[in-house]
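Following: one structure in structure tokens, then a few remarks.
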Amino acid sequence: MMGLSDGLAKDLPRLADASGAGFVIHEGSLPRNKGCTAKQAWASGEDHELLIAVSRRIAGKLEGAWRRRFPRTPLTRIGSFVPKGRGCALSFAAKGWEHFKPLA
């Protein structure tokens, strides 16, 4: 689990690399505010968003337990890890927050 303060496009590859995996994302499942594009959903980071990776074996159990414990806080399944070298490659310009990039 990790916070998404740098944006999904930056933090998901970090989590996948640390796990020795690739990833597949169902872009239509990405949580978005009204008017937010998919590209913005990938690039924006919020300190209160978490990215959680669990095995498929317990994913359903976690979702049920989460709904019971936090009924007003959604838990959204957006994709899965796959063997390293397979899955998504992020091809658009927005790659998340760069802490040391000049603000020109």
Tightest non-hydrogen contact, residues Pro31 and Ala41, listed as O-CB, 4.1 Å

pair Leu8-Ile78: side-chain heavy atoms closer than 4.5 Å: yes

Heavy-atom nearest pair, Ala53 first then Leu15, reads CB-CD2, 4.2 Å

Rounded to the nearest 0.5 Å, the CZ atom of Arg77 sits from the CD1 atom of Ile25 at a distance of 12.0 Å

Restricting to non-hydrogen atoms, name the atom on Phe23 and the atom on Ala16 that form the minimum distance, rounded to 0.1 Å. CD2-CB, 3.8 Å

On a heavy-atom basis, which atom in Ser5 and which in Asp11 lie closest, and how many Å separate them? N-OD2, 3.6 Å

Distance, nearest 0.5 Å, that separates CZ of Arg69 from CG of Leu75: 14.0 Å

Check whether any side-chain heavy atom of Val24 lies under 4.5 Å from a side-chain heavy atom of Phe81, and answer yes or no. no

Search all heavy atoms of Glu27 against all heavy atoms of Trp42 and return the closest pair with its distance. OE1-NE1, 3.0 Å

Connected via hydrophobic side-chain network under 4.5 Å: Leu50 and Ile58: yes

Can you see which heavy atom on Val54 is nearest to which on Ile52, and at what distance? CG1-CG2, 3.8 Å

Check this for me, if you would: do Arg14 and Asp17 make a salt bridge, where the nitrogen-to-carboxylate-oxygen distance has to be below 4.0 angstrom? no

To the closest 0.5 Å, what do you measure between CG (Leu62) and CZ (Arg57)? 12.5 Å

